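Please read the structure below before turning to the comments.
Keep in mind that this is a model prediction, so the values were computed, not measured. Each chain gets a letter, A, B and so on, in the order its sequence line appears, and its residues count up from 1.
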Amino acid sequence: MPELPDVENFKRYMDRHARNRIIKRAEVHAGRVLRGTSARAVKRALTRHKISRSRRHGKHLFARLGRGPWLAMHFGMTGYFASFGRNGDAPRHEQLQLDFSDGSHFAYVDPRKFGRLRLIDRPDDFIADQGLGPDALSRQLTLKTFRALLGDRRGEIKSALMDQRLIAGIGNVYSDEILFQAGVHPRTRVEHLDGKAIGTLHRTMRRVLKMAIRKGAGSDALFERAPRSYLLRHREAGARCPRCKGKVRTMKAAGRTAYYCPACQKKR
DNA sequence: TTCCATGTTCCGCA
DNA sequence: TTGCGGAACATGGA
């Protein structure tokens with residue numbers, strides 16, 4: 001689930017439930033999601049500190065701990081946050097839990113453990129080290145930059161949109177949605193896209209991601225609240241295309257299952 | 001029981 | 001060098 005819109009809403013959730021509150025105690029359950037740091041170091045960095053700032057880049061979320069290091073979080077395929085009160089039970093598959101003095105708790109949960117937690121000095125350095133491209137919703141990703149990025153790229157457009165080194169934040173679901181809304185076939189070669197199509201893709205990318213944030217990406221609410229005209233409400237075998245009522249098809253692209261409408265999305 | 005899944009990374013091949 | 005398919009990772013749900 002966690003692509004850019006989901007992570008943006010996780011950020012807002014964290015800001016609301018955990019930011020600016022002193023962490024009385026921190027528990028690290030599974031070391032498997034830790035990278036380049038120990039459970040002890042994470043506990044020490046969190047305990048008696050508070051999350052002072054937060055920032056998102058693509059699918060990564062960063063939480064600054066007081067004036068110290070940042071906790072860099074990635075949610076893999078199944079990660080999310082959960083906040084619960086004094087009498088609440090910790091969710092299954094909780095990997096990290098923060099306890100606050102009012103008895104409330106905040107947890108990073110990830111059943112499949114593909115998520116990652118690490119301590120870093122500066123998000124900008126981390127982003128550079130990981131080779132991440134500009135955030136898909138950032139100001140820097142102007143049409144001009146978008147065109148330049150795609151300009152020296154070959155291969156299928158769906159792969160390009162999902163390549164975090166090119167643009168950070170888009171995964172399988174939203175690449176499908178963007179291509180559907182833009183009327184572009186997922187197998188279209190990037191080098192075959194004309195200027196007009198690239199402009200449409202850029203505009204559509206921003207619109208789709210913003211809509212998803214607004215409609216509650218990251219929670220089950222999105223499925224009901226997203227417009228019916230969106231493909232993400234019709235991601236199932238044999239579904240009807242919301243635009244032409246033809247059949248939605250699937251195929252393998254970039255190693256994943258792509259949903260698309262062969263009638264509305266023409267290859268060029 | 002078997003297959004599939006919203007992500008990333010690594011390996012081998014072209 | 002770049003692109004691409006497949007496998008691996010861990011777990012739950014259909």
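Leu149(A) places its CG atom 14 Å from the P atom of dT2(C), with the value rounded to the nearest Å. If you measure from atom CZ of Arg235(A) to atom P of dA14(C), you get 17 Å, rounded to the nearest angstrom. Straight-line distance from the NE2 atom of His57(A) to the P atom of dG7(B): 16 Å, rounded to whole Å.
Ion pairing of Arg55(A) with Asp124(A) is present here, as a side-chain N (NZ or NE/NH1/NH2) and a carboxylate O approach within less than 4.0 Å. With salt bridges taken as basic N to acidic carboxylate O contacts below 4.0 Å, none links Asp6(A) and Lys59(A). Here Glu191(A) does not pair with Arg154(A) in a salt bridge; the nearest charged N to carboxylate O distance is not below 4.0 Å. Between Arg25(A) and Glu27(A) there is a salt bridge, with a side-chain nitrogen of the basic residue lying less than 4.0 Å from a carboxylate oxygen of the acidic one.
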Give each protein N/O atom lying under 3.5 Å from an N/O atom of nucleotides 8-10 of chain B, with the pair distance.
{"from": "dT8(B)", "atom 1": "OP1", "to": "His74(A)", "atom 2": "NE2", "distance (Å)": "2.9"}
{"from": "dT8(B)", "atom 1": "OP2", "to": "Lys59(A)", "atom 2": "NZ", "distance (Å)": "3.0"}

Would you tabulate the pairs of protein nitrogen or oxygen atoms and nucleotide nitrogen or oxygen atoms of nucleotides 4-6 of chain C closer than 3.5 angstrom?
{"from": "dC4(C)", "atom 1": "OP1", "to": "Glu156(A)", "atom 2": "N", "distance (Å)": "3.4"}

Between the protein and nucleotides 11-13 of chain C, which nitrogen or oxygen pairs are less than 3.5 angstrom apart?
{"from": "dT11(C)", "atom 1": "OP1", "to": "Lys113(A)", "atom 2": "NZ", "distance (Å)": "2.1"}
{"from": "dG12(C)", "atom 1": "OP1", "to": "Arg92(A)", "atom 2": "NH2", "distance (Å)": "2.8"}
{"from": "dG12(C)", "atom 1": "OP1", "to": "His93(A)", "atom 2": "NE2", "distance (Å)": "2.9"}

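Base-pairing analysis of DNA chain B finds the following stems of at least three consecutive Watson-Crick or G-U pairs, with both pairing distances under 3.5 Å: B:2-5 with C:11-14, B:7-14 with C:2-9.
Here the closest heavy-atom approach between residue Gly85(A) and residue His105(A) is recorded as O-CD2, 3.5 Å. Between Gly171(A) and Glu3(A), the closest heavy-atom pair is N-OE1, 2.7 Å.
Of the N and O atoms on the side chains of Ser175(A) and Lys158(A), at least one donor lies less than 3.5 Å from an acceptor on the other residue. In this model, no donor atom of one side chain and acceptor atom of the other lie less than 3.5 Å apart for His234(A) and Glu236(A).
Membership of an apolar cluster is not assigned to Ile22(A), as no side-chain contact below 4.5 Å to another ILVMFWY residue is traced. Other residues sharing the hydrophobic cluster of Phe84(A), ordered by chain and number and joined by side-chain separations under 4.5 Å: none, the residue standing alone.
No donor-acceptor pair closer than 3.5 Å links the side chain of Asn172(A) to the backbone N or O of Arg256(A). No side-chain donor-acceptor contact under 3.5 Å links Arg233(A) to the backbone of Ser229(A).
Side-chain N/O atoms of Thr257(A) include one lying less than 4.0 angstrom from OP1 or OP2 on dA5(B).
For the P atom pair drawn from dT8(B) and dT1(C), the interatomic distance equals 24 Å after rounding to whole Å.
In summary, the aromatic rings of His60(A) and Phe75(A) are positioned with their centroids too far apart to meet the 6.0 Å limit.
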